[in-house]
Amino acid sequence: MLVVTSTTGQGDVPANARQFWKSILRRKLPPTYLSNVHFTTFGLGDSSYPKFNWAARKLHKRISQLGADEFYPRGEADEQHDEGLDATFVPWMTDIRRHLLERYPLEGDLEPIPEATPIEPKWILALRNDCPIGQGNTAVAEDAAVTSSNGQFQGNPSPYQRTNSQCLNVVLQENRRLTPTTHWQDVRQLSFTSSSVASYGPGDILTIFPRNPPQDVETLLDLMGWTSVADQEVCFIRNKSFSRYSHYSPPSVTLESTSSPMSLRKILTISLDINAIPKRSFFAMIAHFTDDEMQKERLLEFVNPEYVDELYDYTTRPRRSILEVLQEFDSVKIPWQWAASVLPELRGRQFSIASGGQLKTDSHGHVCFELLVAIVRYKTVIKKIREGVCTRYLAALPEGSSLDVTLQKGSLGVSKEQTSRPLVMIGPGTGIAPIRSLVWERLQRGQQTQARPPEPSNGSISGKIDVGEMALFFGCRNKDADYFYQEEWYQLRKELPLQTFTAFSRDQKHKVYVQDVIREHSELVSRLLHELEGVVYVCGSSGKMPKAVRTALTEAFTRCGKMHQGDAEAYLQKMEKEGRYKQETW
Amino acid sequence: MAPAVTVDVSDSDFHAPSTNGSSNATAFVRTLLLSPPSLSSHPEKLDQILAAHDRNATDIQMLDRLSLALVTLPHSTYDLILILTDADNTRTESRKLLSSELLSRIVRSLKPGGQLSSQDKTLGAIEDSDERREAIFAGLILQDNKLVKPDYASTQSVPLRLGKKKAEGGAAATTSAAGTGAVSLNLNGKRKNGPPDTVQPAGVGFVDFSDDFDAPVEIEDDDDDDLIDEDTLLSDEDMSRPIVQPPECRPRTGKRRRACKDCTCGLAQRLEAEDAAKRQTADQNLAKLKAEDLAEVDFTVQGKVGSCGNCALGDAFRCDGCPYIGMPAFKNGEEVRLTEEVVQL
């Protein structure tokens, strides 16, 4: 058993592994439950997070505890490595294959499948008209004609319908640019309403499913020679070789519960990421679909782990898209029946919800969601400007549009009981979104549970709601350009025990960041977190910022909390363990 | 004690010959000699001991290099691992180096049924000694007064089917990692050791796992309260353990330095500036083309083409200094018309 897993949230096992994880955490399982199992694990992680690869480590430990035998040392990859995850994964995978062949030699005259053989997909697309009754299956759940031999499988279970997430239809009410047009970055406030019943809290997430621009889809159809089948109704059928494996479900190609027929064009528009950066495996696949020796050779070079640098320079560094690669390697003709297996899935993009408290309901009593979205546009060495797949879609989305989204529980774990806890909230840039939600939420809870004190009494700040003290640290480039919700903080400071501290990095000659401002207020930070045992939230971009913030907090404890540096670091770790250090970065 | 079947592991670190590991099994004793540092200055003693073993089946490693993890051992390879005595015929050095960490690594590289011993036969010989205790903690057992790695494959298994309701009654409901030893719960009566029998569809490496495990224990909804706390799984040591590195690095051919994602040393800025400069130069070249109002891109004209002649083929084939970098591929003789942003072909 080989387990490959990433880590999510606060050192948690990924959503689609939760059911499995729960099942092996059961206390009643004996320590010999997996004693005939040989296993190992490989973790995909990011060392800028404090709980680097915790999910893989926990899984490994638990599986070991249940008696399985580790037949090969486990491996871990780090996104922050020079060459990313491949740097560790490729040598690990290569060696484990060698090891497996030696330890479990193939019987008789079996040979390993040669590298050049394409592995066929389990499910392929076919024209609806060509499907014998009962064999085809659209991804739309209503098709009851398909059942497997054990009668279980009906239609397509959406991977998004897991615990903790809810599908909703929303209408875009507002799509407003917050930054001045003179500013280089376009940041929007998007407001959605829904007539469904939904509730959410700070840190919760809305997942938006982008659509590809019609002209890109047209370009691809034309390039691959798929135009003639583009608008005909299609469905998924099982690949003949796999008829016995009836319990595998087809690719989840559409989230929509529409009854309109599924066509190749639709699939390319809403379900397949034709503008994604191709991975190594993509090059391996498409090498099978060309007869041009020179192009094929070059494609296979990109697959070769020896040339991982070249692959990086060609794809990741300039952010080249699949569509652009196919335009260059124009001899490649992917069979349309395999489109859903060759092209990667168009995933929804997650956004931390920026609304909270009374902002969660509009004047009609409908549930409201506000998002703070920075539109992604930048230049690389490629002449054509780069755009984010989802933000490009959102930027052009007209008000009044209706779309299907999902609402998911976040990992900040803000509970009602904590309203009196002091908070240190650090949210530079768009990281302010979940924090804004938190503050509005706290305002509402405070208003609901306590009457406002009629006059100032000793120890409470005059006229303000009696909730835990809050210190907000916000950073951005220019006060006049991207100081989001400036007017709101002004109002909120009057009603809540809230202090705000800002760092405008480009408003003066030398750079000032949130971590610098945290240092300036070490005493306050140390009092709120150490003395009063408050909670700290770090939200925003991953990488440098959370690390720098962590260092600043350590320094604050050392300086004002009367601790040595080692103790300060240990104190931070203790806070993490207790759930008083929450990080939501992207 | 030495197993009858063998699989000879051919490893890049070692020079053991490889044999066909299937039906014609030969009794073949793979040995590892672990040499304390003092022996390196006494090659004659090393030669002496080596002479007593089959050259082709014996590997030798330095104990101190092993303890510093400068060398890794292959898994489940050796029938016999021998700790050599020091140059002064004592075991002072090896005793110092044989930590529990090192012992577990050594045990891992023993084959099931393999033996660990020392040249002077003192390893773990004294009852109740620390050494013997450490060896047992590392996973070895005493068999005929020798320290041996247990071979679970050949033990008799009592098939206890792990049925739905019997789970509570039969097994110890503890999470302790210590194995119960004697009774191994054979989860599938017909399963034998080694890779599962499969009927592979022709040409496809797809394996049917449905007969590997017993009937799955049903997940009842009221099981929520009886899960172990996952936060207790990792000890402080586990959490702070550094990133596990692969044993050997692959060869790097022409590796260029790339900046970290959150680069603080300035390399990222430099590379970004490089890319921007490349884009600028390329834009200038395109402007030149526009200025001369070409109906056709003529590759015979000097300066319009890079030195390799692959410009038309796209970025995948262009060399480093290509003036057409960042532009899509184009065909010879096609019109090159330029708009504000994007080159139209």
Side-chain angles (χ1 to χ4, degrees), chain A residues 22-23 25-28 30-33 35-36 47-48 54 57-58 61-62 64-65 67 71-76 78 80 82-83 88 90-92 95 99 102-105 107 113 117 119-120 241-242 245 298 305-306 309 312 314 324 327-330 379-385 543-544, chain B residues 7 9 21-22 75 167-168 171-177 179-180 184-187 191 194-195 201 203-206 208 219 223 226-228 230 233-234 238 243-244 246-250 253-256 258 260-262 264 275 278-279 282 314-317 325-329 341-343:
Chain A
K22 236 180 97 166
S23 76
L25 278 180
R26 284 173 298 166
R27 203 176 289 279
K28 67 184 183 194
T32 48
Y33 186 59
S35 61
N36 270 350
S47 60
S48 72
W54 269 33
R57 293 179 186 184
K58 284 197 278 200
K61 195 70 178 280
R62 183 55 180 157
S64 271
Q65 275 185 357
F71 75 94
Y72 187 87
R74 67 185 189 87
E76 283 181 348
D78 183 10
Q80 300 294 331
D82 277 355
E83 280 119 50
T88 329
V90 171
W92 185 88
D95 195 56
H99 180 87
E102 282 166 2
R103 179 137 166 198
Y104 306 106
E107 290 168 2
I113 299 172
T117 319
I119 306 283
E120 293 197 18
S241 338
F242 293 94
Y245 302 111
R298 189 60 174 139
E306 302 259 329
D309 270 6
Y312 178 85
Y314 182 60
E324 286 169 330
Q327 282 174 310
E328 260 186 38
F329 288 90
D330 56 356
K379 281 193 194 154
T380 64
V381 79
I382 300 181
K383 177 100 175 117
K384 187 158 161 249
I385 205 162
K544 230 192 300 186
Chain B
V7 171
V9 178
S22 41
H75 268 226
E168 292 94 352
T174 64
T175 54
S176 88
T180 47
S184 69
L185 287 169
N186 198 347
L187 293 181
R191 178 126 148 64
V204 183
F206 207 68
D208 184 10
I219 297 165
D223 251 359
D226 217 13
L227 303 176
I228 66 167
E230 65 182 86
L233 279 173
L234 295 179
D238 287 318
I243 299 162
V244 175
E248 275 78 38
C249 291
R250 56 187 166 73
T253 46
K255 176 174 157 46
R256 260 177 297 162
R258 191 184 308 150
C260 319
K261 286 210 177 136
D262 49 355
T264 44
D275 281 354
K278 239 190 212 172
R279 182 69 255 134
D315 278 352
F317 299 93
I325 195 87
M327 306 277 291
E341 268 241 298
V342 172
V343 173

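Numbered from 1 within each chain, the chains take letters A, B, ... in sequence-line order. Side-chain atoms are counted along with the backbone in the values below, which use heavy atoms only and exclude waters and symmetry mates.
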Exam field: side chain B:Lys278 to backbone A:Val381, donor-acceptor pair closer than 3.5 Å: no
Side chain to side chain donor-acceptor pair (under 3.5 Å) partner of B:Glu230, the single match among A:Arg62, A:Lys22, A:Lys58, A:Lys61: A:Lys58
Atom of B:Ala329, atom of A:Glu328 and distance for their closest heavy-atom approach: CB-CG, 4.1 Å
Note, A:Gln65 side chain near B:Leu233 side chain (heavy atom, < 4.5 Å): yes
Qualifying residues under side chain to side chain donor-acceptor pair (under 3.5 Å), relative to B:Asp275, sequence neighbours excluded: A:Arg317
Atom of B:Ile228, atom of A:Arg27 and distance for their closest heavy-atom approach: CA-NH2, 3.7 Å
Side chain, backbone, both or neither of A:Phe329 within contact of chain B (heavy atoms, under 4.5 Å): side chain
Aromatic plane relationship, B:His75 with A:His99 - under 30° parallel, 30 to 60° tilted, over 60° perpendicular: perpendicular
Distance (rounded to the nearest 0.5 Å) between A:Ile382 CD1 and B:Arg279 CZ: 9.0 Å
